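Quick notes on the structure that follows.
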Amino acid sequence: MTDQTPKRLFIKTYGCQMNVYDSQRMAEALEADGYVQTDRAEDADMVLLNTCHIREKAAEKLYSDLGRLKPLKGARPDLRIGVAGCVAQAEGAEIIRRMPLVDLVVGPQAYHRLPAMARGDGPAVDTDFPAEDKFDHLPQRAATRRAPAAFLTVQEGCDKFCAFCVVPYTRGAEVSRPAARILSEARDLVARGVREITLLGQNVNGWHGAGATGFGDLIRQIAAVPGLDRIRYTTSHPNDMADDLIEAHRDVPQLMPYLHLPVQSGSDRILKAMNRRHTRDDYLRLIDRIRAARPDIMLTSDFIAGFPGETDADHADTLRLIAEVGFGTAFSFKYSPRPGTPAADRPTVNDSVADARLHEMQALLSRQQKAAQDAMVGRRLGVLFEKPGRMPGQMVGKSDYLHSVFVHAPDAQPGDLVTVRIKASAPNSLEGELA
Ligand code: SAH
Ligand code: SF4
Ligand code: F3S
């Protein structure tokens with residue numbers, strides 16, 4: 001079935017890490033069908049846009065990119081253009097109606113059918129949620145070297161239905177992959193040069209698959225894979241931080257002292273309106289328990305400014321929560337009404353008020369981010385080298401706390417995990433020397 005002449009594939013990825021992982025798996029599936037990747041759309045036989053629907057701006061990027069592809073498709077009508085990911089799921093055939101240059105639309109749970117669609121053996125639009133595990137049907141290229149840090153999706157979808165969020169609709173119901181499959185993929189990644197794995201899921205700590213008692217137990221099993229030095233996971237819901245997982249942060253040396261735990265708001269009224277199903281106090285008490293188990297853990301979060309109904313007092317509660325916890329870094333977004341979500345029809349906060357709140361939040365969060373990064377100076381940290389830096393003999397890698405660290409290390413290789421003494425803090429990175 002494999003064609004002899006290589007076809008060139010260009011993939012552009014928007015959105016979260018789960019899309020990054022999916023793009024990699026789709027590329028591998030298409031490679032088995034004779035495609036090789038290119039980083040220029042102009043050279044491609046097939047362009048695949050792996051999209052995000054989370055906020056309006058993210059979704060609209062698809063249409064501006066498709067607009068830019070028009071001249072290319074005009075000049076080469078045999079160029080195949082595919083739309084994958086969460087906009088594909090949310091809008092389906094509507095994408096082709098609005099942009100007829102699109103040849104195929106494939107939702108996030110139907111990727112394993114992409115090679116057939118690309119050959120013209122399938123429908124042009126596939127947004128099913130098939131019962132089979134898509135990951136089992138995506139071939140992996142044997143023995144290709146991989147970068148030292150990799151993603152591994154362990155859980156798909158979300159059953160939480162926060163009032164603002166499209167994910168439960170675009171990714172479908174929560175499904176956990178069995179531990180045995182995750183372990184064999186982890187072993188395969190390690191054999192291909194991977195030293196650090198970030199376990200992914202929209203609700204990754206709610207993992208409840210076969211073969212482990214819970215997510216904490218899964219982490220302990222993965223930590224036993226020989227050659228795997230570091231484990232991370234993202235993104236987590238506060239209500240799924242089980243005792244066993246908190247204990248894993250205390251007991252498992254491979255589990256990095258870093259936790260992304262989105263809270264969205266510090267106001268009980270707004271948390272309720274968001275359907276987050278926990279209070280501000282629940283979150284603060286949870287942070288206390290996590291810090292008791294792992295005192296040096298770095299916490300990060302997501303916040304939404306200007307959720308419908310948010311008052312100045314609610315916003316002040318959020319600022320107080322941020323001040324009280326002290327985050328290593330955080331993402332904050334202005335609320336964006338999304339079609340089909342429960343909050344979409346609620347009266348919105350005045351736009352300039354929402355902007356001002358967002359700026360105030362971001363100013364506080366970036367002060368915290370700088371303080372957390374500056375506090376690394378003088379410490380000895382593990383750094384996993386990922387690639388050479390700009391200067392001769394320099395390497396760059398990530399610390400335990402996910403900061404980028406530049407180190408003069410002429411004899412080092414990507415994949416080396418070294419101890420580094422941090423010497424200086426720059427705006428977006430640290431500088432260190434081999435200890
Ligand atoms: N599953 C993750 C979040 C995934 S989306 C969790 O529960 O934490 C990533 C972030 O985007 C969310 O945490 C939220 O802060 C933001 N977000 C989601 N929908 C949004 C919307 N409609 N408007 C603005 N921000 C949104
Ligand atoms: Fe969206 Fe909430 Fe699910 Fe996160 S937990 S993906 S914010 S619905
Ligand atoms: Fe975006 Fe879909 Fe991820 S909406 S954030 S790409 S799950």
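Order of appearance sets the numbers: ligands from 1, and atoms from 1 within every ligand. None of these values were measured; they are calculated from a predicted model.
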Q) Has F161 got more than 12 heavy atoms of other residues, nucleotides or ligands less than 6.0 Å from its CZ? A) yes
Q) Purely on distance, is any nitrogen or oxygen of F164 under 3.5 Å from one on ligand 1? A) yes
Q. Taking the six-membered ring of F333, is the NZ or CZ of R55 close enough (under 6.0 Å from the centre) and on axis enough (within 45°)?
A. yes
Q: Specify the closest pair of heavy atoms between F151 and L189, including all atoms of both residues, with the distance to one decimal.
A: O-CD1, 4.3 Å
Q.
Looking at D65 and R68, is there a salt bridge between them, counting it only when a charged N and a carboxylate O are closer than 4.0 Å?
A. yes
Q: If you have a sec, work out which protein heavy atom is nearest atom 15 (O) of ligand 1 and how many Å separate them, to one decimal?
A: Q264 OE1, 2.6 Å
(Q) What verdict does the salt bridge (Lys or Arg N to Asp or Glu O under 4.0 Å) test give for E185 and R177, after you've listed the backbone C-alpha separation in whole Å, the side-chain angles of each residue and the deciding distance to 0.1 Å? (A) CA-CA 11 Å; E185 194 169 329; R177 298 176 70 193; 3.0 Å; yes
(Q) Any heavy atom of Q202 closer to ligand 1 than 4.0 angstrom? (A) yes
Q: Using the salt bridge (charged side-chain N to carboxylate O under 4.0 Å, His left out) rule, pick out the option among D43, D45, D39 that qualifies with R8.
A: D45
(Q) Please work out, at 4.0 Å between heavy atoms, whether the side chain, the backbone, both, or neither of R276 comes within that distance of ligand 1. (A) side chain
Q: Please indicate whether any nitrogen or oxygen in S336 is less than 3.5 Å from any nitrogen or oxygen in ligand 1.
A: yes
Q) Would you call K7 and D33 a salt bridge, using N to O less than 4.0 angstrom? A) no
Q) In terms of residue, atom name and distance, what is the protein heavy atom nearest to atom 18 (C) of ligand 1? A) I54 CG1, 3.5 Å
**Q.** Geometric N/O contact R338 with ligand 1, under 3.5 angstrom
**A.** no
Q.
Between ligand 1 and R55, is the shortest N or O to N or O distance under 3.5 Å?
A. yes
Q.
Contact between ligand 1 and K160 is defined here as a heavy atom of the residue under 4.0 Å from a ligand atom; is it met?
A. no
Q) Using the ring of each side chain (for Trp, its six-membered ring), is F164 parallel, tilted or perpendicular to F307, with breaks at 30° and 60°? A) perpendicular
Q. Does a side-chain heavy-atom distance below 4.5 Å link H359 with Q362?
A. yes
Q) Are any of the N or O atoms of D302 closer than 3.5 Å to those of ligand 1? A) yes
**Q.** SB check E94 R97 (cutoff 4.0 Å)
**A.** yes
Q) With hydrogens left out, which residues have an atom under 4.0 Å from ligand 3, given that only heavy atoms count? A) C16, N19, T51, C52, H53, I54, C86, R171, Q202
Q: Show the numbers, then the answer: is there a salt bridge (Lys or Arg N to Asp or Glu O under 4.0 Å) between D128 and R113?
A: CA-CA 10 Å; D128 277 1; R113 299 176 179 169; 3.3 Å; yes
(Q) Please list the nearest protein heavy atom to atom 24 (C) of ligand 1 with its residue and the distance rounded to 0.1 Å. (A) K334 O, 3.4 Å
Q) Going by the angle between their ring planes, with limits at 30° and 60°, are Y283 and F327 parallel, tilted or perpendicular? A) tilted
Q: Answer yes when D22 and R171 have at least one side-chain N-carboxylate O distance shorter than 4.0 Å, and no when they do not.
A: yes
Q) Hey, is K160 close enough to D240 for a salt bridge, meaning N to O under 4.0 Å? A) yes
Q: Check which protein N, O or S atoms are less than 2.8 Å from atom 1 (Fe) of ligand 2 and report how many there are.
A: 1
Q: Report the nearest protein non-hydrogen atom to atom 8 (O) of ligand 1: residue, atom name, distance rounded to 0.1 Å.
A: P262 CG, 2.9 Å
Q. Among R230, H249, R232, which one satisfies side chain to side chain contact (heavy atoms under 4.5 Å, CB included) with L255?
A. H249
(Q) Does the residue R171 have a heavy-atom contact with ligand 2, meaning some pair of atoms that are separated by less than 4.0 Å? (A) no
Q. What are the atoms of ligand 2, with element, lying closer than 4.0 Å to any heavy atom of R276?
A. 2 (Fe), 7 (S)
**Q.** Region of T235 that comes within reach of ligand 1 [heavy atoms, distance under 4.0 Å]
**A.** side chain
Q: Check whether any N or O atom of N203, backbone or side chain, sits under 3.5 Å from an N or O atom of ligand 1, and answer yes or no.
A: no
Q.
Check this for me, if you would: do E60 and R98 make a salt bridge, where the nitrogen-to-carboxylate-oxygen distance has to be below 4.0 angstrom?
A. yes
Q.
I want to check something: taking the side chain as every heavy atom from C-beta on, are F331 and T300 in contact at a cut-off of under 4.5 Å?
A. no
